Q: 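To start, I am sharing the structure in question, which I have written as structure tokens.
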Amino acid sequence: MDLPEASNFIEQFINEDIRAGKLEPVNNRVQVRFPPEPNGYLHIGHIKAMCINFGVKEKYGGKLNLRMDDTNPAKEDYEYVNSIVDAVKWLGFEYDKLVFASDYYDRLYEIAEKFILDGNAYVCDLSAAEITATRGTLTEPGIPSPYRNRTVEENLKLFREMRDGKYPDGAKTLRAKIDMASPNLNMRDPVIYRIAHVPHYRTGDKWCIYPMYDYAHPLSDAIEGVTHSLCSLEFENHRPLYEWFVERAGFSAPLPRQIEFARLNITNMLMSKRYLKKLVDEGFVRGWDDPRMPTVAGLKNRGVPPEALKKFCADVGVAKAYSVVSSAQLDSCIRDNLNFNAERAMAVLNPVKLTVTNYSGEEELDFEINPMKEGSGVRKIKFTGNVYIDADDFSLDPPPKYKRLQKGGTVRLKGAYIVRCDDVLFDEEGNVKQILCTYFPETRSGSGAETPIKAKGVIQWVDAKYGCDAEFRRYQPLLKDEQYPEQDYGERLNTESEQICFGKAEPYLKDSADGKPFQAMRTGYFKKCSEGGALILSEIVSLKDGYNK
RNA sequence: UGGGGUGUCGCCAAGCGGUAAGGCACGGGAUUUUGAUUCCCGCAUCCGUAGGUUCAAAUCCUGCCACCCCAGCCA
């Protein structure tokens, strides 16, 4: 048979399984799953997991269920499942079924009784603290629970009583009977059911005992017919346990196989649901979908195309080495996509008025909506000779090689004319208030006229009377130093950049911290904001130099 | 310290015994009405380290070093 060419080590494993005939019982069908816990919004780290799983699904023509791993009722809610479904759909991933671990509670309970019947599980009366104390350490074995050798009958009776609500939270647990001396702490009789008199967002108060991840996950995989259960590296130590459950639960081959990969880390990006939730709960951001958040919803609001995110994941690859990808790599993917797809618009940050003293009247100029895309059409922009330009585009004390406007120098107003700066007016505080220029009619854009007038630079502008048609939103940097609730934030979050860039618009020249000019990409949801008749873009974005620096 | 993992260019990452892909970043040049884009060109004699096997190793073997994960009734 023809196997697809593996593009990473996971697919190599899958190919090996197929070659070895391990998947023959199901006609070599490959099945994976994407199993987030609905306790928060999906973030860019999850996108990598999705790309891997949906990638396998598509490559092998397999199946993929979107499974809500909801075994902890205290943290989960419909708000999150809805957000997860939205995120998956926005990214354009198609799953076969939406399922819930909580769908399997009955089945999982039955299997638990089987484990008891087979002598593989027992009810333990030890408290949480006692279990911890008897678990042993990294170098010393644990101490077997005094309840470890209860009879099957007693265990069954007790477990049913647990289910029936006869005991308070924490009074008893169901434990797998494995090996208290195992060097793998996960194998030292792990708890598989705990008592929690907490209503579940889906099953209500039907249950007061809930299965643990280590038990529910492998069995959920087996119930669904998953063949390859792909998860992140921190579960490597759980694999023996995963196999232990799956081998004893009575499922027929092929049994699901767990394969681990390194999760995604990006410089200066917080990738922890727990902290993201904290930012939301404590009001540091406007919500999970705040454009400063690395959540799928936030990225969407930031104007990042889903294709750019998928491209990024493909570029980054899949491996087992712990790594931190430079945010520049993400920026590059976004810029590349936007360059081809974004509709252009001019906008101005830090406006300074520029008046063309020898111009009168007004005219309409043609601008390509997207010079990179054939047939994207033109937009009309009115020019009256009174415009705002960005303060950064004018310098009283220009550094060497400065290409933009300076006193006595020339520059092209993009799509319009070359102008020469004749004079500068200052306000009481000595700031540049108005720049007076003369223009050269023969230099009109697109006229093709031969003229000795040259300009080294091209700058964007916004007409003082008409503004422009873009919209923008203003956002503060995610956090200031003194606002850090915990130091962990400081290591991952953006504190330096002045703005965050969202949306779609014209690339824009900006000076970076070291004074070196660079090209930024304005993207975003721009909002009309009139100030002196012009559109003021106070939120710019620097995809080139990193909006997450 | 016991166990499980990982170490290839500044950052990711291919490579699976035959003599170091690619992307990002960076440097140089050409085009350019966005200092962008596009376009060339450059960028590891070397694969954590020390030995060994082999005609031949990043790839096999041995020792060592570094880093990550594990002692939740979270996932």
Side-chain angles (χ1 to χ4, degrees), chain A residues 7-8 12 35-37 39 69-72 74-76 101 124 126-129 131-142 169-175 182-188 190-196 209-210 212-214 216-217 231-240 260 262 264-267 273-274 311-312 314-333 335-336 339-340 344 346 371-372 401-404 412-418 443 445-446 454-460 506-509 516-521 544:
Chain A
S7 58
N8 59 49
Q12 284 179 14
E37 182 188 11
N39 67 344
D69 226 355
D70 53 359
T71 55
N72 185 356
K75 292 184 176 178
E76 298 147 3
C124 180
L126 255 27
S127 69
I131 287 180
T132 299
T134 54
R135 184 153 22 228
T137 66
L138 295 178
T139 52
E140 305 158 57
D169 291 3
K172 285 177 168 34
T173 57
L174 183 69
R175 292 229 257 167
S182 170
N184 182 339
L185 295 278
N186 294 308
M187 301 298 273
R188 321 244 261 225
V191 171
I192 60 182
Y193 265 92
R194 79 282 217 178
I195 300 171
I209 58 171
Y210 293 93
M212 299 289 289
Y213 166 88
D214 278 322
H217 201 93
C231 62
S232 48
L233 247 29
E234 63 265 36
F235 293 105
E236 248 168 345
N237 295 327
H238 297 243
R239 197 192 322 141
E260 310 83 9
L264 177 64
N265 292 296
I266 301 176
T267 55
K273 245 194 236 176
R274 194 183 134 219
K311 170 69 161 53
F312 170 68
D315 285 359
V316 161
V318 186
K320 292 194 74 166
Y322 291 87
S323 61
V324 183
V325 180
S326 164
S327 61
Q329 185 116 15
L330 208 211
D331 296 342
S332 168
C333 291
R335 255 186 288 131
D336 193 53
N339 183 42
F340 281 92
R344 310 306 160 96
M346 291 196 294
M372 299 302 290
K401 295 188 180 172
Y402 190 72
K403 286 194 173 187
R404 290 161 283 160
R412 173 175 291 279
L413 294 177
K414 183 173 170 60
Y417 301 91
I418 290 178
T443 59
S445 272
K454 300 290 179 203
K456 278 182 291 184
V458 179
I459 64 173
Q460 294 184 43
E506 198 81 0
Y508 178 77
L509 188 66
K516 194 176 164 191
F518 65 92
Q519 197 82 13
M521 177 75 80
K544 174 72 178 180

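To find a chain, count down the sequence lines: A is the first, B the second, and so on, and within it residues start at 1. Treat the numbers as computed from the prediction; the structure is a model and nothing was measured.
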Q: Starting the side chain at C-beta, find the nucleotide from B:A25, B:G4, B:C74 nearest to A:Glu236.
A: B:G4
Q: Please report the distance separating the P of B:A44 from the corresponding atom of B:A36, rounded so that it comes out in whole Å.
A: 25 Å
Q: A:Arg194 side chain N/O closer than 4.0 Å to the phosphate oxygens (OP1, OP2) of B:A75?
A: yes
Q: Charged N to carboxylate O below 4.0 Å: is that the case for A:Glu37 and A:Lys273?
A: no
Q: Once hydrogens and angles are ignored, does a donor-acceptor distance under 3.5 Å link the base of B:G35 to the side chain of A:Arg404?
A: yes
Q: Checking contacts here: which listed nucleotide (B:G2, B:C73, B:G35) is nearest the side-chain heavy atoms of A:Ala128?
A: B:C73
Q: Nearest of B:G7, B:G5, B:C16 to any side-chain atom of A:Ala321?
A: B:G7
Q: Counting Watson-Crick and G-U wobble pairs only, both distances under 3.5 Å, name the nucleotide matched with B:U6, or none.
A: B:A66
Q: According to a strict under-4.0 Å criterion, is A:Thr443 in side-chain N/O contact with OP1 or OP2 of B:U33?
A: no
Q: If you check the A:Leu138 side chain, which of B:G2, B:U33, B:G5 turns out closest?
A: B:G2
Q: Using whole Å, what does the distance between atom P of nucleotide B:A75 and atom CE of A:Met212 come to?
A: 5 Å
Q: Could you run down nucleotides 64-69 of chain B 5' to 3' and tag each one B, S or - for protein heavy-atom contact under 4.0 Å?
A: ----BB
Q: What residues form a side chain to side chain contact (heavy atoms under 4.5 Å, CB included) with A:Thr137, not counting sequence neighbours?
A: A:Thr139, A:Glu140
Q: Does a nitrogen or oxygen in the side chain of A:Gln329 sit under 4.0 Å from OP1 or OP2 of B:G22?
A: no
Q: Would you mind telling me which of B:A25, B:C12, B:U34 lies closest to the side-chain atoms of A:Ser323?
A: B:C12
Q: Go through B:G72, B:U37, B:C74 for me and flag the one nearest to the A:Asn339 side chain.
A: B:U37
Q: Checking contacts here: which listed nucleotide (B:U38, B:C73, B:C11) is nearest the side-chain heavy atoms of A:Asp336?
A: B:U38
